[in-house]
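Here is the structure we will look at.
All values below were derived from every heavy atom in this structure, side-chain atoms included, with hydrogens, water molecules and symmetry-related copies excluded. Source: prediction; values computed, not measured.
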Amino acid sequence: MDNALWTGYRHREVDADGWTTFWRLDPRGQDFRLIDWTGDPERPGHRLWDRAAMPAGVRGIWRTTASTVSLELRADPGIYASLAPVDVLVDGSLHQRCEIEPGDQRIAVELPGKPVEVEIWLPQSGMIAVRRLSFDGEADPQAPSGPRWITYGSSITQCTGADGPSETWPALVARKHQWDLVALGFAGECHLDPIAARTIRDVPARLISLCLGINVYGGETYSGRTLPGQVEAFVSTVREGHPHTPLVVITPLLKPNIEGKPNALGLTLDDIRTCVELGARTDPEVQLIDGRTVLTSGEARAFYADDVHPTADGYRLIAERLSPLLRIP
């Protein structure tokens with residue numbers, strides 16, 4: 001793995017056997033209890049940190065004349081029924097989608113054997129470690145060349161239901177614009193955590209987008225009294241490191257089957273949208289996107305796998321709608 005140049009992660013951890021885990025939040029020195037202490041040893045913990053160890057958006061690019069590339073993976077589905085695949089792109093187009101099984105395995109992909117650019121996208125869901133990337137010919141790792149875009153959100157940003165890691169909505173938008181993606185989507189764990197705000201603050205970027213609210217609604221994280229201030233504090237922390245960077249806040253997309261239903265704290269999704277907007281607008285430079293305008297009610301009913309999560313086609317439609325709204329000057 002020493003010759004590999006990967007991007008899209010915050011901390012690279014290599015164990016004694018050479019297995020590399022790409023963390024999207026840096027776990028070093030962190031007290032995991034600050035985020036998911038429950039007081040009950042029977043309840044599962046480390047939920048945010050489990051998601052942070054999943055390599056959504058992590059990828060590598062090489063210029064090569066090789067005829068094959070191989071990579072060892074160690075995979076565990078974790079909370080998911082199945083693992084996402086590995087996508088191998090050649091000159092920007094999907095070349096092969098490699099299905100992954102639990103356990104240790106080696107994937108090998110035939111390449112054209114002429115000068116091409118090869119991208120390897122690691123799975124967006126599952127506990128994944130990698131080892132021994134090798135080409136059978138000359139291969140030069142390529143650093144990302146486009147402007148960096150950081151996007152933060154829930155499972156709808158992690159996109160576990162996308163067909164593959166190169167077809168999540170953030171990946172599709174980044175590939176269209178040739179941006180360097182940092183995808184901070186954490187399924188069920190977008191709760192305005194300070195560690196996420198500090199991470200965004202400390203990573204250079206030309207564009208930042210925050211998709212806020214759906215996990216707050218479902219997890220009953222904040223009330224109408226506390227949510228606007230939490231959004232304000234999150235945005236303020238991000239601004240400390242990005243005083244002039246375009247910052248976009250996206251409120252929850254339409255969820256036709258749960259619109260109007262109050263959660264345990266009495267907040268409907270429209271209440272959540274109002275609170276997110278109140279907190280975001282304390283920064284006059286924030287661009288606000290009303291999530292209700294991204295998909296129509298009919299489209300949401302057609303392209304959701306359940307009450308909350310889009311299908312693969314739904315993620316492609318979200319990318320199509322958000323792509324022209326996200327801009328880097």
Side-chain angles (χ1 to χ4, degrees), residues 24-25 27 30-40 42-54 56 78-79 125 150-160 183-201 208-239 247-255 257-283 286 288-292 306-310:
R24 292 178 295 138
L25 299 174
Q30 299 295 325
D31 186 343
F32 288 11
R33 296 172 303 172
L34 292 176
I35 287 172
D36 62 8
W37 183 85
T38 64
D40 182 352
E42 300 301 318
R43 295 180 64 186
H46 305 331
R47 291 160 296 187
L48 174 63
W49 291 104
D50 282 353
R51 311 304 191 271
M54 297 178 184
I79 66 169
S125 60
I150 302 173
T151 188
Y152 168 68
S154 65
S155 58
I156 301 170
T157 299
Q158 187 176 334
C159 302
T160 57
L184 300 181
F186 305 112
E189 296 298 326
C190 181
H191 295 288
L192 302 168
D193 293 296
I195 182 63
R198 293 193 299 268
T199 297
I200 300 169
R201 177 195 66 190
I208 297 164
S209 59
L210 313 174
C211 301
L212 306 179
I214 190 61
N215 287 161
V216 172
Y217 172 84
E220 295 109 18
T221 319
Y222 303 110
S223 68
R225 160 66 179 83
T226 57
L227 179 54
Q230 291 295 325
V231 173
E232 177 189 12
F234 195 97
V235 169
S236 179
T237 297
V238 169
R239 271 289 184 231
L247 178 56
V248 181
V249 171
I250 307 169
T251 63
L253 276 61
L254 275 175
K255 310 295 178 187
N257 291 338
I258 59 176
E259 295 289 340
K261 295 181 180 179
N263 66 8
L265 297 179
L267 298 182
T268 65
L269 274 176
D270 271 351
D271 294 331
I272 295 287
R273 294 180 183 108
T274 297
C275 289
V276 169
E277 181 175 352
L278 284 170
R281 289 204 182 281
T282 58
D283 181 333
V286 162
L288 195 80
I289 295 177
D290 185 338
R292 294 169 296 189
D306 54 25
D307 289 344
V308 174
H309 299 94

[X] vs [Y] side-chain heavy atoms within contact, under 4.5 Å:
| X | Y | result |
| --- | --- | --- |
| Ser236 | Asp283 | no |
| Asn263 | Val216 | no |
| Tyr222 | Pro228 | no |
| Thr221 | Gln230 | no |
| Arg47 | Ile79 | no |
| Tyr217 | Ile258 | yes |

Side-chain donor/acceptor of [X] to backbone N/O of [Y], under 3.5 Å:
| X | Y | result |
| --- | --- | --- |
| Ser155 | Gly188 | no |
| Lys255 | Val308 | yes |
| Asn215 | Glu189 | yes |
| Arg198 | Thr237 | no |
| Arg24 | Ala183 | yes |
| Arg273 | Gly213 | no |
| Tyr152 | Cys190 | no |
| Asp193 | Ile195 | no |

What is the minimum heavy-atom distance between [X] and [Y], and which atoms define it?
| X | Y | answer |
| --- | --- | --- |
| Phe186 | Ala52 | CE2-CA, 3.8 Å |
| Ser154 | Ile214 | OG-CG2, 3.4 Å |
| Pro252 | Leu269 | CB-CD2, 4.2 Å |
| Ile250 | Gly291 | CG2-CA, 4.5 Å |
| Ala197 | Val238 | O-CG2, 4.0 Å |

Would you give the length of the straight line joining atom [atom1] of [X] to atom [atom2] of [Y], rounded to the nearest 0.5 angstrom?
| X | Y | atom1 | atom2 | result |
| --- | --- | --- | --- | --- |
| Thr160 | Met54 | OG1 | CE | 9.5 Å |
| Ile208 | Ile150 | CD1 | CD1 | 5.0 Å |
| Arg51 | Leu184 | CZ | CG | 14.5 Å |
| Leu265 | Thr226 | CG | OG1 | 8.0 Å |

Would you check, one step at a time, whether the test side chain to side chain contact (heavy atoms under 4.5 Å, CB included) holds for Phe234 with Ile200?
CA-CA 10 Å; Phe234 195 97; Ile200 300 169; 4.1 Å; yes
Sequence neighbours left out, what passes salt bridge (charged side-chain N to carboxylate O under 4.0 Å, His left out) with Arg292? Give chain and number order.
Asp270, Asp290
For side chain to side chain contact (heavy atoms under 4.5 Å, CB included), just list the numbers for Leu25 and Leu48, CA-CA rounded to whole Å, side-chain angles, deciding distance to a tenth of an Å, and then say yes or no.
CA-CA 9 Å; Leu25 299 174; Leu48 174 63; 4.1 Å; yes
Does either side chain, that of Thr274 or that of Asp271, offer a donor lying less than 3.5 Å from an acceptor on the other one?
no
Suppose the criterion is salt bridge (charged side-chain N to carboxylate O under 4.0 Å, His left out): which pairs have a residue in residues 210-234, not counting sequence neighbours?
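Sorted result for residues 210-234: empty, none.
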Which of these passes side-chain contact (heavy atoms from CB on, under 4.5 Å) with Glu277: Leu288, Val249, Ile272?
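Between Glu277 and the candidates, side-chain contact (heavy atoms from CB on, under 4.5 Å) is satisfied uniquely by Leu288.
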Take Val231 and Leu210, measure what side chain to side chain contact (heavy atoms under 4.5 Å, CB included) needs, and give me the verdict at the end.
CA-CA 10 Å; Val231 173; Leu210 313 174; over 6 Å; no
